[in-house]
Amino acid sequence: MEITERKLLTIVAESVLEPRLIEVVDKMGAVGYTITDARGSGSRGARSAGWTHNGNIRFEVICTGEIADRIAAHLREHYYANYAMVLFITDVGVMRPDKF
Amino acid sequence: MEITERKLLTIVAESVLEPRLIEVVDKMGAVGYTITDARGSGSRGARSAGWTHNGNIRFEVICTGEIADRIAAHLREHYYANYAMVLFITDVGVMRPDKF
Amino acid sequence: MEITERKLLTIVAESVLEPRLIEVVDKMGAVGYTITDARGSGSRGARSAGWTHNGNIRFEVICTGEIADRIAAHLREHYYANYAMVLFITDVGVMRPDKF
Amino acid sequence: MDPVIWFFLLGVLAGLMRSDLRMPKAVYELLSMVLLLTIGLKGGVELAQQPVGGLVVQVLAVASIGLVIPLAVFSAIRALSSAPRADAASLAAHYGSVSVATYAVGVSFLATRNVPVDAQLPLFLVVLEVPAIMVGIVLAKGAAARSNWGGVMHEVFLGKSIVLLIGGLLIGWLSGPEGIEPLEPLFFDLFKGVLALFLLEMGLIAANQASGLKRRATLVILTAILTPVPAAMLGIGVGHVIGLNVGGMTLLGVLAGSASYIAAPAAMRIAVPDANPSLSLSASLGITFPFNIFIGVPLYYGAAQWLAGAGA
Amino acid sequence: MDPVIWFFLLGVLAGLMRSDLRMPKAVYELLSMVLLLTIGLKGGVELAQQPVGGLVVQVLAVASIGLVIPLAVFSAIRALSSAPRADAASLAAHYGSVSVATYAVGVSFLATRNVPVDAQLPLFLVVLEVPAIMVGIVLAKGAAARSNWGGVMHEVFLGKSIVLLIGGLLIGWLSGPEGIEPLEPLFFDLFKGVLALFLLEMGLIAANQASGLKRRATLVILTAILTPVPAAMLGIGVGHVIGLNVGGMTLLGVLAGSASYIAAPAAMRIAVPDANPSLSLSASLGITFPFNIFIGVPLYYGAAQWLAGAGA
Amino acid sequence: MDPVIWFFLLGVLAGLMRSDLRMPKAVYELLSMVLLLTIGLKGGVELAQQPVGGLVVQVLAVASIGLVIPLAVFSAIRALSSAPRADAASLAAHYGSVSVATYAVGVSFLATRNVPVDAQLPLFLVVLEVPAIMVGIVLAKGAAARSNWGGVMHEVFLGKSIVLLIGGLLIGWLSGPEGIEPLEPLFFDLFKGVLALFLLEMGLIAANQASGLKRRATLVILTAILTPVPAAMLGIGVGHVIGLNVGGMTLLGVLAGSASYIAAPAAMRIAVPDANPSLSLSASLGITFPFNIFIGVPLYYGAAQWLAGAGA
Ligand SMILES: Nc1ncnc2c1ncn2[C@@H]1O[C@H](COP(=O)(O)O)[C@@H](O)[C@H]1O
Ligand SMILES: Nc1ncnc2c1ncn2[C@@H]1O[C@H](COP(=O)(O)O)[C@@H](O)[C@H]1O
Ligand SMILES: Nc1ncnc2c1ncn2[C@@H]1O[C@H](COP(=O)(O)O)[C@@H](O)[C@H]1O
Ligand code: NA
Ligand code: NA
Ligand code: NA
């Protein structure tokens, strides 16, 4: 089976950002995303999933390295200063490279 | 600590496929799986987690490269054409290689 | 964009361990974690998310390789024998290495 | 207008204006569980009080509605459009099966008007849920297809709605009116309130489905608008023949005219994966459901009254 | 004491002692949905029965409270502390907007004492929710800022609470008292029980917020304790001027003295991201909310009685 | 038969036939929260009305049941089987502690028969929950073990069920019958309906546990069947000695004969991790719980009647 390399960009951020992240990802040229609800803790303290506006989401995008860079740069510029957010990039293999 | 390489196969698919995926993974020789509920968007449009039959699941299997290939091939043949599904493979290190 | 390598340690374990894992990760020097609710199956049988004390959590920590090793060693020593638990390590790239 | 209908409208408006109003999945499931048990319990209690003779014949007659409608819908779509076999079969299954929410709105409509209803209607709801789904699968693949027939049947017969409806029927029947009394505050008194919340969510979903309607819009719209009335008339007619009262005829009409949006989609997705699921859902949820609760229910009631009067 | 208040205390204690008691998010959302619809429906039914004259003037007077309070809070904080502009503006928005849970406790308090309340109060609740949020945003950024004004307005006006309150008002108004009757078991009879469960969760959250209070604690505590009473007095005074009865004056005082913990935080997080969200939440949820339900509500009632007596 | 029991059977059947019927975790938690508060509130109101003398002595007597049962179960298992120390201790803790759902079924059973129950029973429920868990931990590890004793105690004493039961008791006691009245529609009128839904889920879980029973099946089955009756008789006897009425004796028997499936498993999992959790859960949920609600409750009632008659 032919496996092509792509990047998996994972963003953990406060859930209030969900619509913004969807917009950004779309604008930067990615064709899809996957979201799960999460809770956690980091430099901005603990964030529990229990209460409406206080949880995190775990936002994943499979895309080319170039798009991943663009999304990461945009988020760094616009969101890092004021929002709870963590971002990391993993190498993944996909079967339908044209899809991402 | 000794770390052995394995593959992490992640499948994002419509939640109605959950029992089928469990069957497939089992039949192909993997010994476990982990599922989280998810929502997302891709070539088949947006899928929200809210309503019963319309969400996604995020299905993970740690296994050998060989089993990962077998599962991926099976899914491609039987499900890609008609179902919302995305699949990617990551290299991971595990501590108990006999377990996977 | 400058990307630095870190380790992503993912632990899938029975949800009753959540407070213990938070303690361990904290004590070993990691500065954050992300948790999602999960279900799954492994050598200790199926674990469904439905019923209170019977689900799994998926616990992620981004940290240096050294801290990842320490956490993994601690968990192996104290939890592997008696608890449903799986642990794997992935290489990830992060943008703010001082954060992890 | 029955106030529960306003809740549906509220949901539709909130959905169309893209409000962040959303009902958690767990709440949706609680509400639907209570609705299904309520319908079952009520039917069971009534069956316990007034045993119905000739039930077997009635059940067979009702089941035949579930065979005739999907065959008719399938033939019509295939004759008049270029829709692929799988999509036509899936639409047929949806319209042959039934919608519990539409039924509940019908019950609420008749209760407001104090129209008595035959005890066996909840049973007919169960009877009508399944056959059309089987017909749809056969239409899509042929009866001999290598399809996982057992798995699909298991899914359909042991689906949540059948289990709760039959379970409620049996519990109501075994317990009788006095036995069920302590359960009434939850299952009977809250019925309309629960239905109102449920319809709010249905409105949100319907807005979503209707606005997602793009591919094959003509097919979807025509099927969704042209099917309910003739199907309901068939139901009312059969109800008349098997001797139902006006309320019973109305509800059998509602059942026949309604389209499934839970059991049928789930079964079709597995058994007929090449059918486009959003076609059937847009039709049944986005168009037929609102059509029925606003126009259908009063219309079918009028028709049942007329037929009962004409027959008298 | 109204027993629902004990549930709040139970939640606070459980939270402070770090019990594992937790309310699932879905349950919290169900309870808040029911509370909002209840308040709306009740108001709508009452408006249908006793149409209110001069409503436009009243609404304008009430809306002006939502402009005055945030301007006053902002000026005071900026004059007396070194808090950054964004934080002052955010606190101003929270205290100018309203808390539905505090309002519900006020309703429950008056109901226990059989004090009648003017029909238009739920409408005033809606009217007061939004303006202060806009004022807060303008204070933080200036009116001309390049901020995504449309998006924020959409979020505020189509937020869950506004949609359910207005929806409930309209449905209640359209259905009238008889129409709404079948919905009463869920929306009216369960009101206090639902409020009790809701306050249990509020207690858990408040304990969390209060114990999370670290940065700028003086600012937070002073704002949270000094704002409610004068704001409430303004509300009571305006209520007197526009001719409300004692119950109405009390509830308008409660609204003015309460601080938002749903609409304002969500809007500020997006529109004024450099404000520290935990400052405003600790103040409104951790301090002002308990202050109001224990001390504020009876105090405002007393003041309204006194003012009504003095005016007579 | 009490109709709520049918819901348990429905759940068991649906589970065994592998239906897709499932109750969301959030709904399960809502139902259990309401049940716990209902039991607490009811007890508190009754204690407020008829203060109970000699409560301290009664509490000590009841607590001693929670010490005797686990010691007896542990000794018997160790003497008669080869089960490891940890598993025996865990089973002992489960059977010494109590099941709220079984208690609720007992309450429902007695209510149907209009049998009065002493006011202090909900208090005894709280009293019996904890001691056996501590005994189990000591049996497994010795009292001096380096175990995280503080953490476990915190978890047990501040677990959800204790907090809600005690909270309910206090609120009921502080508010008294009139104060609690507005809460009755939710907490008292819906009791049986809530219990019915809860038992439906219990049935689904029990089916799962029973069918998961593989390892050490003989030990599990024998413990699960042989423990309840003698334990219940001890409870009934103690109830007689401390002067409870027939209803009180019955419920103390139900408590003693029931096995924990929430507090004990959670505590054991942390404090005695080498015990196999599925042994105790299969026994308590899969076998003892159904045994008690079908056979135990009526049997214990009969025994209490007989003893009360014999003593008279
Ligand atoms: N080291 C970490 N490993 C895993 N997740 C993290 C880490 N640090 C932060 N997070 C997640 O990212 C969210 C925001 O982080 P922060 O902006 O540091 O508060 C947290 O609530 C966690 O869910
Ligand atoms: N590029 C992507 N990155 C992350 N998740 C994706 C991506 N594309 C699709 N998905 C997920 O996979 C599901 C099915 O994708 P599709 O079959 O393309 O509709 C979507 O609903 C998303 O949850
Ligand atoms: N091969 C695997 N791939 C993915 N997840 C696994 C695997 N094995 C176990 N798990 C997860 O880890 C949990 C505990 O595993 P175990 O201790 O093997 O029962 C399971 O319930 C699964 O959620
Ligand atoms: Na139909
Ligand atoms: Na205010
Ligand atoms: Na016991």
Side-chain angles (χ1 to χ4, degrees), chain D residues 23-38 40-41 44-45 48 150-191 193-194 262-263 266-267 270, chain F residues 1-35 38 42 104-105 107-114 183-204 207:
Chain D
M23 191 166 283
K25 189 176 156 178
V27 172
Y28 174 86
E29 301 215 334
L30 171 62
L31 297 174
S32 72
M33 209 174 262
V34 171
L35 279 186
L36 289 162
L37 284 170
T38 298
L41 287 170
V45 169
V152 171
M153 282 307 91
H154 181 272
E155 204 143 312
V156 171
F157 277 108
L158 291 172
K160 186 176 70 174
S161 54
I162 299 271
V163 166
L164 290 175
L165 282 169
I166 295 192
L169 271 170
L170 286 174
I171 293 175
W173 186 68
L174 288 165
S175 307
E178 308 92 52
I180 231 67
E181 216 175 302
L183 299 176
E184 287 184 6
L186 177 57
F187 290 107
F188 293 177
D189 297 351
L190 299 189
F191 172 65
V194 168
I262 295 182
I270 292 302
Chain F
M1 189 151 62
D2 194 338
V4 295
I5 304 290
W6 293 117
F7 284 81
F8 179 76
L9 263 187
L10 177 59
V12 169
L13 283 176
L16 292 179
M17 298 188 310
R18 312 182 69 83
S19 159
D20 76 343
L21 179 60
R22 212 133 302 166
M23 191 166 282
K25 187 175 155 178
V27 172
Y28 174 85
E29 301 215 334
L30 172 61
L31 297 174
S32 71
M33 210 174 262
V34 172
L35 280 185
T38 298
K42 192 160 242 157
V105 170
V107 168
S108 171
F109 176 93
L110 296 173
T112 307
R113 282 156 190 76
N114 293 312
L183 300 175
E184 287 184 4
L186 177 57
F187 290 108
F188 293 0
D189 298 352
L190 298 189
F191 172 66
K192 283 242 188 169
V194 168
L195 181 58
L197 289 176
F198 191 79
L199 290 175
L200 182 63
E201 168 72 355
M202 292 291 295
L204 290 165

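Keep in mind that what you see is a predicted model, and the values were worked out from it rather than measured. Residue numbering restarts at 1 for every chain, and letters A, B, ... go by the order of the sequence lines.
In terms of heavy atoms, F/Asp20 sits closest to D/Lys160 at OD1-N, 2.8 Å. The minimum heavy-atom distance between D/Ala26 and F/Val27, with the atom names listed, is O-CG2, 3.4 Å. When every heavy atom of D/Leu183 is checked against every heavy atom of F/Ala196, the shortest pair comes out as CD2-CB, 3.9 Å. Closest heavy-atom contact between D/Pro182 and F/Lys192: O-CB, 3.5 Å. Residue D/Met33 comes nearest to F/Leu21 through the heavy atom pair CE-CD1, 4.0 Å, listed as atom of the first residue, atom of the second, then distance. Nearest heavy-atom pair across D/Val163 and F/Ala14 is CG1-CB, 3.9 Å.
Taking the side chain as every heavy atom from C-beta outward, F/Leu10 and D/Ile166 never approach each other to under 4.5 Å.
Contact count against chain D (heavy-atom pairs under 4.5 Å) is highest for F/Gly193 among F/Pro185, F/Ala111, F/Gly193, F/Ser108. Of the listed residues (D/Val34, D/Leu190, D/Leu174, D/Ile162), the one with the most heavy-atom contacts under 4.5 Å to chain F is D/Leu174.
Going from atom CG of F/Asp189 over to atom CG of D/Asp189 covers 8.5 Å, rounded to the nearest 0.5 Å. Rounding to the nearest 0.5 Å places CZ of F/Arg18 at 7.0 Å from NE2 of D/His154. Atom CG of D/Leu170 sits about 11.0 Å away from atom CG of F/Leu9, to the nearest 0.5 Å. Between atom CZ of residue F/Phe7 and atom CG of residue D/Leu41 there is a gap of 4.5 Å, rounded to the nearest 0.5 Å.
In this structure, chain D has a heavy atom under 4.5 Å from the side chain of F/Leu197, while its backbone stays farther away. For F/Leu195, no part lies near chain D; criterion is any non-hydrogen pair under 4.5 Å. Of the atoms belonging to F/Leu13, not a single heavy atom falls under 4.5 Å from chain D.
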